[in-house]
Amino acid sequence: MDATVDATPAVDRADPGTAPWDAVWGQPEAVELLRSAAADPEAMTHAWLITGPPGSGRSTLAYAFAAALIAEPGDEAVMRQVLARTHPDLTALRTEQVIIRIDEARRLVERAYYAPSLGRHRVIVVEDADRMAERTSNVLLKALEEPPDHTVWVLCAPSDADLLPTIRSRVRTLRLRDPQIEDVARLIVQRTGVDAGVAEQSARHAQRHIGMAQRLATDVAARARREQTLRAALGVRGVGDAVEVAAQIVQAATEDAEALTVERDETERADLRRTLGIAEGAAVPPAVRSQLSALEDEQKRRATRSLRDGIDRVLTDLQSMYRDVVMLAFGREAQIINRELEPELRALADTWGPQRPLLVLDRIAETRRNLEQNANPTLALESLLVTVASGRTP
């Protein structure tokens, strides 16, 4: 959604060498490149694509770049406004649905043709550019082909392969590097104060995803759910086990999604009722029912994405476990992610060899693709776990 104006009149001056890049962690080369581009028109281009693995800091870097483009050098007040997503010359889109809708893309293109109102540039940040279908991506093409003066697009995605070739050909791609487990663990200790051992385990289990590592480090229940899921998958021996464990995974992901969204949903409904002047417990007047229905539809779409993200995290954890089995089959113990399960995984590697876990990894990738095509999550997981149990593709 479009930003609102921050009325703060004060203008603080900061060291242009550090602001607004302070929040960007572990990407010095990318910071240097974008800082130079923001300062030198000859180094600039109208459209950028920042790629990197989940948790690498794509969006953090995108907003720091936006702040450097919009604010005058050293104007810390404006930089803070951009970083808070409240500057009128920043338009940001982070979808909380399964895909970015075509009407959202059209609104972005519309905003792209507005001249900057206060800042040096108008910047449009799309955090989840990989969630655009082909038809939606095509909406952006004209704006990228014929860029308005002083408008800069910053797209974020895990990989440039997640975007259409026509989009990739019109942007400058900046690839972020993977942080090291030790570095992520150190950052988590600094941010949360958790035990260094817990931080290291969380960084390893999260596969260096900073946000997920922080959640695991600070949420005992999340760590327990992860271990229970992996041990349940290790215990699958037949079709009956596959059905039972698939149901457990979906149930756990559903509960996790509800825990993340229910409080926010209730707050949004209460705020809307207050805005519409509807007293607590009063009936909803017919004239405003459509607004409440629209909010409920939005929340349902958000819940669907939250559930799918939860199941995708489970698939990522399973992927790490069967990858460990492959590593052990080839004698590469130093690269194990799930060290706490090493005895069980080593026994599996001795029994299976490398071929069967490789088949399971292929099925995990196929399951992920099927879920992206709206496959039923329970049935998709059942099919995957049948392969785990039998070593064959159903």
Side-chain angles (χ1 to χ4, degrees), residues 18 20-69 82-83 92-95 100 108 121 123-132 134 136-137 140-141 143-145 147 151-187 203-204 206-214 309 312-313 316 319-320 323 335 337 365 368-369 372:
T18 59
W21 310 100
D22 311 63
V24 180
W25 176 84
Q27 302 292 345
E29 299 88 356
V31 166
E32 183 57 35
L33 189 152
L34 293 182
R35 182 168 55 188
S36 298
D40 180 8
E42 295 298 319
M44 264 301 291
T45 187
H46 70 284
W48 297 76
L49 170 62
I50 300 176
T51 67
S56 59
R58 300 185 304 254
S59 60
T60 302
L61 183 61
Y63 289 112
F65 186 35
L69 289 169
V82 176
L83 294 175
L93 176 61
R94 178 185 184 278
T95 185
I100 294 175
L108 287 182
H121 293 87
V123 181
I124 299 176
V125 175
V126 183
E127 291 191 35
D128 302 286
D130 55 305
R131 292 184 180 267
M132 290 188 294
E134 181 173 356
T136 305
S137 296
L140 300 185
L141 279 178
L144 296 176
E145 288 170 344
T151 291
V152 179
W153 289 82
V154 185
L155 312 181
C156 302
S159 163
D160 56 359
D162 294 317
L163 276 70
L164 293 179
T166 47
I167 295 286
R168 297 200 301 266
S169 67
R170 290 163 175 81
V171 299
R172 181 175 177 182
T173 300
L174 173 60
R175 295 177 178 84
L176 303 188
R177 68 179 183 88
D178 285 338
Q180 297 303 305
I181 288 173
E182 297 78 11
D183 295 334
V184 174
R186 193 160 44 248
L187 177 67
R204 181 163 34 84
Q207 299 177 67
R208 300 173 291 191
H209 185 300
I210 297 169
M212 184 52 59
Q214 184 163 322
D309 286 348
D312 191 72
R313 284 193 295 272
T316 299
Q319 191 175 44
S320 76
R323 169 205 171 275
Q335 300 180 30
I337 293 170
R368 185 170 269 130
R369 289 193 295 272
E372 288 173 355

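Counting begins at 1 with the first residue of the sequence. These figures come from a predicted structure and were not determined experimentally.
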J.: Is there a side-chain contact between Pro158 and Asp162 in this structure, where contact means two heavy atoms from C-beta onward sitting under 4.5 Å apart?
T.: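 Yes; the side chains approach each other to less than 4.5 Å.
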J.: Determine whether a donor-acceptor pair (N or O, by modelled atom type, separation under 3.5 Å) exists between the side chain of Arg177 and the backbone of Gln27.
T.: no
J.: State the CG-SG distance between Leu174 and Cys156, to the nearest 0.5 angstrom.
T.: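 Reported value, rounded in 0.5 Å steps: 10.0 Å.
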J.: Once you round to the nearest 0.5 Å, how far does CG of Leu33 lie from CH2 of Trp48?
T.: 5.0 Å
J.: First locate atom NE2 of His121, then atom CZ of Phe65, and finally report the distance between them rounded to the nearest 0.5 Å.
T.: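 One finds 8.5 Å between NE2 of His121 and CZ of Phe65.
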J.: Does any part of the side chain of Trp153, heavy atoms only, come nearer than 4.5 Å to the side chain of Val123, both counted from C-beta?
T.: no
J.: From Arg313 CZ over to Asp309 CG, what is the distance, rounded to the nearest 0.5 angstrom?
T.: 6.0 Å
J.: Apply side chain to side chain contact (heavy atoms under 4.5 Å, CB included) to Trp25 and Leu61, showing your working.
T.: CA-CA 9 Å; Trp25 176 84; Leu61 183 61; over 6 Å; no
J.: Might you point out which heavy atoms bring Ala30 and Leu176 nearest each other, and give the distance in Å?
T.: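 Heavy atoms of Ala30 and Leu176 come nearest at CB-CD2, 3.6 Å.
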J.: Verify side chain to side chain donor-acceptor pair (under 3.5 Å) between Arg368 and Thr316, making sure each step is shown before the conclusion.
T.: CA-CA 9 Å; Arg368 185 170 269 130; Thr316 299; 2.9 Å; yes
J.: Any sub-3.5 Å donor-acceptor pair from Asp128's side-chain atoms to Asp130's backbone N or O?
T.: no
J.: Taking it one step at a time, do Leu163 and Leu155 satisfy side chain to side chain contact (heavy atoms under 4.5 Å, CB included)?
T.: CA-CA 10 Å; Leu163 276 70; Leu155 312 181; 3.9 Å; yes
J.: On a heavy-atom basis, which atom in Ala37 and which in Met44 lie closest, and how many Å separate them?
T.: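 That closest heavy-atom pairing would be O-CG, 2.9 Å.
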J.: Does the side chain to side chain contact (heavy atoms under 4.5 Å, CB included) test come out yes or no for Ile337 and Gln207, once each step is laid out?
T.: CA-CA 8 Å; Ile337 293 170; Gln207 299 177 67; 3.8 Å; yes
J.: Apply side chain to side chain contact (heavy atoms under 4.5 Å, CB included) to residues Ile181 and Asp183 and explain how you reach the verdict.
T.: CA-CA 5 Å; Ile181 288 173; Asp183 295 334; over 6 Å; no
J.: Specify the closest pair of heavy atoms between Asp160 and Arg168, including all atoms of both residues, with the distance to one decimal.
T.: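 Closest pair (atom of Asp160, atom of Arg168, distance): O-CD, 2.7 Å.
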J.: If the threshold is 4.0 Å, N to carboxylate O, is there a salt bridge linking Glu372 and Arg369?
T.: no
J.: So, His209 side chain and Gly211 main chain: donor-acceptor pair closer than 3.5 Å or not?
T.: yes
J.: Will you find, in the side chains of Thr136 and Arg131, an N or O donor that is under 3.5 Å from an N or O acceptor?
T.: no
J.: Could you measure the distance from the CG atom of Leu34 to the CD1 atom of Ile50? Nearest 0.5 Å is fine.
T.: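 Here the rounded value is 5.5 Å.
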J.: Given side chains that start at C-beta, do those of Ile124 and Val154 come closer than 4.5 Å, heavy atoms only?
T.: no
J.: Just wondering, do Met132 and Leu140 contact through their side chains at under 4.5 Å, heavy atoms?
T.: yes
J.: Which atom pair, heavy atoms only, marks the closest approach of His46 to Leu144?
T.: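 Heavy atoms only, the tightest pair is NE2-O, 2.8 Å.
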J.: Quick one: do Arg58 and Glu127 make a salt bridge, cutoff under 4.0 Å?
T.: no
J.: At their closest point, which heavy atom of Thr166 faces which heavy atom of Ser169, and how far apart are they?
T.: O-OG, 3.0 Å
J.: Compare every heavy atom of Val24 with every heavy atom of Ala64, then report the nearest pair and how far apart it is.
T.: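 Of all heavy-atom pairs spanning Ala64 and Val24, the closest is CB-CG2, 3.9 Å.
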J.: Taking Arg204's backbone N and O only, do any of them form a donor-acceptor pair with Arg208's side chain (distance below 3.5 Å, no angle check)?
T.: no
